[in-house]
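Heads up: the structure comes next, in structure tokens.
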Amino acid sequence: IGRTSRIPKNIIMTASKTVKELMNKGRKLTQIRGVTYDITDFASRHPGGKQLMMLAHGRDSTILFESHHLRSDVVAKVLKTLPIVKVQSIGNDDDDDNWCPNEEFPKPLDSELYLKIQNRVRTEVVDPIREKSGKKARGAGGVQFDAFCVILCYLVAVYMFNKNPSVLTGVFLGFSAYWSGTGLQHTANHGGLTQSGFMNAIWGWFGCDVILGKSSIEWRYHHMVSHHSYCNESTLDQDVYTSHPLMRLDEAMEWKWFHKYQAFYSVLAWPFLYFAAQSGDFVNVVITKSSPGVKYLGLMDHEVALFYIGRALHYLTIYALPMYNHGVKECILPIIAYATFGSFILCWFFIVSHNLDGLTPAAMPKKAQKDWAEWQIRTSASWGESIWSFLSGGLNLQIEHHLFPGMAHNLYPKIVPIVKEECAKAGVPYHGHEGVFGLIPITYKMFSFLHKMGKNPNNINNNNNNNVRRSSRSKTPVKAQ
């Protein structure tokens with residue numbers, strides 16, 4: 001698609017109906033680089049699965065489209081086959097010109113740095129896989145062993161928990177849920193676990209709704225539409241603005257007196273993630289059909305049905321069966337251990353990746369704020385070795401993941417050297433903490449950042465002003481005696 005808004009030479013819908021009327025009739029529309037496409041018929045044929053295509057419905061999906069496709073040239077050809085909806089000006093509130101604001105955030109294919117990294121990843125990592133296997137390769141699939149280990153771990157943990165519910169088996173079950181949240185559902189819901197969109201949808205649902213007890217619907221809209229598109233932008237990234245007022249993660253956010261303690265109480269809040277999801281998911285999926293700031297415009301009926309089924313299976317295996325066999329009283333502490341331990345690890349591994357000093361948009365040069373790749377790199381951090389990538393589903397390599405969110409997580413260690421080399425050439429800092437124990441220094445820096453964000457900004461400004469005045473007085477010329 002390049003860098004212009006040239007309209008591809010494909011069939012143009014000439015119906016006089018407005019965009020809103022078309023959507024009311026059930027047509028699924030999206031906007032990419034100022035062009036409105038009808039994706040209704042293509043959605044079911046989308047290689048990544050209909051569940052991913054529906055994320056684009058009703059909104060500008062330029063960033064989603066460009067960041068999740070490694071082979072831009074191939075998908076551009078497919079894009080030219082989609083029907084285009086003519087945008088009409090009819091002079092009232094239904095004016096099609098106003099149906100979808102153009103994306104103002106930096107876009108992947110406008111970034112020279114991203115294009116260089118993307119090209120090298122294709123030629124040096126993905127193409128050799130295709131040559132070796134003789135199959136099409138787009139960066140997805142090839143993690144069967146990882147997925148097998150995650151599922152086996154969960155099945156063993158569920159068996160042990162139901163046979164003998166205890167704090168220890170609850171902790172083990174919590175670990176298996178965490179691992180499913182990172183090593184199974186995370187990659188699957190991004191479209192990278194298998195080459196089949198349908199199987200990605202199944203494993204994404206099973207790993208998230210059934211094992212983790214978290215709605216895959218909410219996760220996709222929250223994580224992919226919001227967080228990945230606008231990483232660390234305090235008004236667009238849900239991971240940032242929904243944490244407030246409990247947590248202050250950006251300089252632009254209002255400071256509260258209790259934030260000065262957030263470096264201490266944050267770890268006490270992490271274990272409650274699971275419990276918050278139980279009520280929050282129901283409100284978001286069933287009642288409001290939206291997460292804060294993101295509407296579920298492409299929500300499908302079968303997804304809602306699967307939400308209920310998944311939650312029922314989750315409660316059956318985690319609550320009903322153990323309580324039926326062993327009694328309610330015997331299961332309370334084990335269930336608490338399960339929920340709090342899994343939540344703690346998930347929160348820990350997520351928060352260290354984007355909440356360090358220097359990773360906020362305010363710390364970026366103005367030029368970097370206009371470059372999508374630089375934005376993703378400068379607001380993310382990577383840590384650990386490939387063993388951690390196996391145990392965290394690539395969650396430890398956030399820089400690489402944010403550049404290529406739809407890629408299988410076992411490929412991220414292979415593209416680290418490429419990203420580092422291109423960052424060095426472009427003069428872009430790469431925030432990495434290598435080694436098996438890389439989690440330790442990055443965790444320390446995370447707590448330091450929380451402490452810094454917890455300081456009263458008024459006091460900081462006053463101290464800075466005082467320092468300026470003292471500096472000015474010290475520079476006043478001294479008269480000769």
Side-chain angles (χ1 to χ4, degrees), residues 167-183 186 212-214 219 222-223 227 231-232 234 237-251 253-281 332-360 379-384 388 391-393 395-398 431 433 435-457:
V167 171
L168 185 61
T169 57
V171 167
F172 181 38
L173 184 61
F175 171 80
S176 74
Y178 143 76
W179 203 8
S180 171
T182 58
H186 182 264
L212 196 58
K214 169 70 183 172
W219 187 92
H222 175 148
H223 188 72
H227 170 65
C231 184
N232 276 11
S234 62
D237 182 354
Q238 283 193 43
D239 283 1
V240 180
Y241 65 74
T242 57
S243 300
H244 193 266
L246 181 63
M247 304 290 294
R248 183 174 183 260
L249 302 178
D250 189 272
E251 297 93 334
M253 290 180 160
E254 182 183 4
W255 180 84
K256 303 287 186 179
W257 66 268
F258 51 81
H259 286 146
K260 58 185 176 181
Y261 305 112
Q262 69 177 9
F264 302 98
Y265 68 68
S266 61
V267 293
L268 301 178
W270 295 350
F272 292 94
L273 176 66
Y274 171 83
F275 298 110
Q278 302 316 299
S279 58
D281 284 352
I332 293 178
L333 284 180
I335 288 174
I336 292 175
Y338 149 76
T340 54
F341 186 76
S343 297
F344 185 90
I345 305 179
L346 268 175
C347 285
W348 179 15
F349 284 13
F350 267 108
I351 197 171
V352 298
S353 301
H354 299 290
N355 296 284
L356 306 177
D357 197 19
L359 300 190
T360 60
T379 55
S380 305
S382 294
W383 55 272
W388 278 111
L391 292 173
S392 69
L395 202 65
N396 63 314
L397 301 178
Q398 279 293 301
H431 300 278
H433 298 77
V436 177
F437 301 104
L439 181 60
I440 297 175
I442 198 174
T443 299
Y444 173 78
K445 290 183 178 180
M446 178 267 294
F447 281 116
S448 298
F449 171 76
L450 292 180
H451 177 68
K452 179 180 178 181
M453 288 295 102
K455 293 181 178 179
N456 189 336

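The shown structure was predicted, so the numbers you read here are calculated from the model rather than taken from an experiment. Starting from 1, each residue takes its place in the sequence as its number.
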Is the backbone of [Y] close enough, under 3.5 Å, to the side chain of [X] for a donor and an acceptor to pair up by distance?
X: Q262; Y: M247; result: no
X: Y274; Y: Y338; result: no
X: W388; Y: V436; result: yes
X: Q398; Y: F350; result: no
X: H222; Y: H227; result: no
X: R248; Y: M253; result: yes
X: N232; Y: L359; result: yes

For this session: Before accepting this row, confirm whether a basic side-chain N of the pair K214/D281 lies closer than 4.0 Å to the acidic partner's carboxylate O.
Result: yes

Minimum heavy-atom separation for [X] to [Y], with atom names?
X: D357; Y: K452; value: OD1-NZ, 2.8 Å
X: V167; Y: P334; value: N-CG, 4.2 Å
X: F341; Y: G174; value: CD2-C, 4.3 Å
X: A381; Y: I442; value: CB-CD1, 3.9 Å

Kindly compute the distance separating [atom1] ([X]) from [atom2] ([Y]), expressed to the nearest 0.5 Å.
X: L273; Y: I345; atom1: CG; atom2: CD1; answer: 12.0 Å
X: S343; Y: Y178; atom1: OG; atom2: OH; answer: 13.0 Å
X: T340; Y: F344; atom1: OG1; atom2: CZ; answer: 10.0 Å
X: K260; Y: K455; atom1: NZ; atom2: NZ; answer: 13.0 Å
X: D237; Y: C231; atom1: CG; atom2: SG; answer: 6.0 Å
X: S243; Y: I351; atom1: OG; atom2: CD1; answer: 7.0 Å

So does [X] have more than 12 non-hydrogen atoms from other groups sitting under 6.0 Å from [atom1]?
X: F275; atom1: CZ; value: yes
X: H451; atom1: NE2; value: no
X: F437; atom1: CZ; value: no

Would a 4.5 Å heavy-atom cut-off, applied to side chains only, mark [X] and [Y] as touching?
X: H354; Y: F449; value: no
X: L346; Y: L212; value: yes
X: M446; Y: T443; value: yes
X: N355; Y: T360; value: no

Measure the acute angle between the ring planes of [X] and [Y], then classify it against the limits of 30° and 60° as parallel, tilted or perpendicular.
X: F175; Y: F172; value: parallel
X: H223; Y: H186; value: perpendicular
X: W255; Y: H259; value: perpendicular

Exercise. Given the side-chain rings of W383 and F349, with only the six-membered ring counted for Trp, is the space between their centroids under 6.0 Å?
Worked result: yes

